[in-house]
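Notes to accompany the following structure.
For the numbers below, each heavy atom of this structure counts, side chains included, while hydrogens, waters and symmetry mates do not.
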There are 2 protein chains.
Amino acid sequence: MNIGKAAAASGVSAKMIRHYESIGLIPAPARTEAGYRTYQPQDIQRLVFIHHARELGFSIPQIGTLLALWSNQNRASQDVKALASQHLAELDRKIGQLQAMRMTLEQLIYACQGNQQPECPIMEHLSTSGNRK
Amino acid sequence: MNIGKAAAASGVSAKMIRHYESIGLIPAPARTEAGYRTYQPQDIQRLVFIHHARELGFSIPQIGTLLALWSNQNRASQDVKALASQHLAELDRKIGQLQAMRMTLEQLIYACQGNQQPECPIMEHLSTSGNRK
DNA sequence: TTAAAGCTTGCCATGATGGTAAGGTCAAGC
DNA sequence: GCTTGACCTTACCATCATGGCAAGCTTTAA
C-alpha cells in the first residue's frame with residue numbers, strides 16, 4: 001500500500017505520515033525499487049491509533065508513550081489512565097483559560113452599544129491601565 | 001524610558017516589544033546615540049493595550065485592527081463590537097472542540113480500571129477502527 | 001576601574017500542519 | 001510505444017506567539 005492509500009485508510013495525511021516517520025514516531029516502512037513507501041496493515045493500525053489520539057488532543061510525545069504502552073503486552077492500565085488523566089487536566093486548564101477570556105469578552109460585548117459613536121467599553125477595557133479584576 | 005522599563009510597565013516582554021516593532025504592529029521608537037530604544041508614555045499605553053488584547057486572546061492581526069480603531073477618533077463602536085464578536089465566536093469554537101475531547105476522554109478514564117492489568121478502554125478506543133460516535 | 005546589569009542584533013526552537021517546487025514513477029488510453 | 005495525469009520523492013518555507021542563547025556594546029553602581 002502506497003502512502004496515499006495509507007493516508008486515506010488511516011485519516012492521517014501523507015504529509016504527516018512522512019513527518020511522523022522523520023521524527024521517529026513510526027518506523028520507516030519498506031520501499032519499492034523506485035523509492036515509494038509501502039505500508040502493511042499493521043502500519044495502518046498504528047496510523048489509525050495516532051489519528052485517534054490526535055483527535056483527543058494528545059501531543060506527539062504523549063502519543064509516543066501511548067504507542068509504547070500499546071505494543072507492550074505487560075502494560076498496566078493504570079499507566080494509560082495516568083497519562084490520560086494528565087492530559088485531561090491539561091485540557092481543563094486550557095478550557096478554563098479560554099472560558100475566562102470568553103467571559104470577559106462577552107460582558108464587554110454586551111455592554112457595547114455597537115452604533116456609530118466611538119464610545120466603547122471594549123476599547124476602554126483594553127486601554128485602562130489597571131484595576132481589572 | 002528604555003525597553004526594560006517599558007516591558008515592566010506594560011507587561012509585554014522586551015523580546016515581544018522588539019518583535020511587535022519588527023512586524024510593524026508598533027512604530028519604531030526613537031533611539032539614543034548608543035542605539036537604545038527610548039519609549040514615551042503614549043508608547044507604553046499602546047503596549048498596555050496590546051497586552052490586554054493578548055490577554056483576551058486576540059491575534060496580532062486583530063490587534064492591528066483594534067489599534068487602528070483605537071487611534072481613530074471617528075470610529076464606530078459597532079466596528080469594535082463586530083471584531084470582538086467574531087473573536088468570541090472563535091473562542092466558542094475552540095472551547096467546543098476542547099470540551100468534545102474532554103468529554104470523550106473523561107468517559108474513557110472513568111471506564112478504565114487503572115490497575116496492573118493491560119485491559120483498557122482508552123487503548124481500545126484508540127485502536128478501534130470505526131464506529132466512534 | 002571594574003563588574004554587573006542592561007541593551008543590541010541575529011539565529012534557532014517550539015508544535016502540528018500546510019504549501020510549494022522540482023523532479024521521478026506508474027498506469028491507462030491512444 | 002508514447003503521452004498524460006495521478007501519484008510519489010525530497011527539500012524548503014510558512015504559520016503563531018514566544019522563549020532562549022550568543023556575541024558584543026553601553027550604562028550604572030560600587
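- Note: CD1 (Ile23(A)) to P (dT14(C)) measures 11 Å, nearest angstrom.
- Nearest-nucleotide assignment on DNA chain D puts the 5′-proximal partner with Tyr36(A), out of Tyr36(A) and Glu21(A).
- Taking 4.0 angstrom as the limit, Arg37(B) places none of its side-chain polar atoms (N or O) nearer than this to OP1 or OP2 of dG6(C).
- Between Met1(A) atom CE and dC8(D) atom P there is a gap of 12 Å when expressed in whole angstrom units.
- Regarding Lys5(B), its NZ atom lies at a distance of 12 Å from the C1' atom of dA5(C), rounded to whole Å.
- Distance, Asn2(A) CG to dC26(C) C1': 9 Å, rounded to whole Å.
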Cut-off 3.5 Å, no hydrogens considered: what does the side-chain donor-acceptor table look like for residues 96-106 of chain A, sequence neighbours left out?
{"unit_1": "Arg102(A)", "atom_1": "NH1", "unit_2": "Asp92(B)", "atom_2": "OD1", "d": "2.4"}
{"unit_1": "Arg102(A)", "atom_1": "NH1", "unit_2": "Asp92(B)", "atom_2": "OD2", "d": "2.8"}
{"unit_1": "Arg102(A)", "atom_1": "NH2", "unit_2": "Glu106(A)", "atom_2": "OE1", "d": "2.9"}
{"unit_1": "Arg102(A)", "atom_1": "NH2", "unit_2": "Glu106(A)", "atom_2": "OE2", "d": "2.6"}
{"unit_1": "Thr104(A)", "atom_1": "OG1", "unit_2": "Ala100(A)", "atom_2": "O", "d": "3.2"}

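- For the pair Tyr39(B) OH and dG6(C) C1', the interatomic distance rounds to 14 Å; values are reported in whole Å.
- Residue Ser13(A) is classed as a sugar-phosphate contact, given heavy-atom separations below 4.0 Å to backbone atoms only.
- In terms of modelled atom types and a separation under 3.5 Å, the side chain of Thr38(B) and the main chain of Ala30(B) share a donor-acceptor contact.
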Please write out each protein N/O paired with an N/O of nucleotides 14-17 of chain D under 3.5 Å, distance rounded to 0.1 Å.
{"unit_1": "dA17(D)", "atom_1": "OP1", "unit_2": "Ile60(B)", "atom_2": "N", "d": "2.8"}
{"unit_1": "dA17(D)", "atom_1": "O3'", "unit_2": "Arg54(B)", "atom_2": "NH2", "d": "3.1"}

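- The CZ atom of Arg31(B) sits 14 Å away from the C1' atom of dT26(D) (whole-angstrom rounding).
- Screening residues 65-88 of chain B for salt bridge (charged side-chain N to carboxylate O under 4.0 Å, His left out) gives no qualifying pairs among residues at least two apart or on separate chains.
- As judged by a 4.0 angstrom heavy-atom cut-off over every strand, Arg18(B) is placed among the base-contacting residues.
- Although no hydrogens or angles enter the test, the distance criterion places a donor-acceptor pair under 3.5 Å between the side chain of Ser77(B) and the main chain of Gly114(A).
- Between Ile17(A) atom CD1 and dC7(D) atom P the separation is 14 Å, expressed in whole Å.
- Nucleotide dC25(D) holds its C1' atom 16 Å from the CD1 atom of Ile3(B), rounded to whole Å.
- Side-chain contact between Ile17(A) and Tyr20(A) is absent, with no heavy atoms from C-beta onward closer than 4.5 Å.
- Panel note: side chain His87(B), backbone Gln62(B); no donor-acceptor pair is recorded below 3.5 Å.
- Here the side chain of Asn115(B) pairs a donor or acceptor atom with the backbone of Gln117(B) at under 3.5 angstrom.
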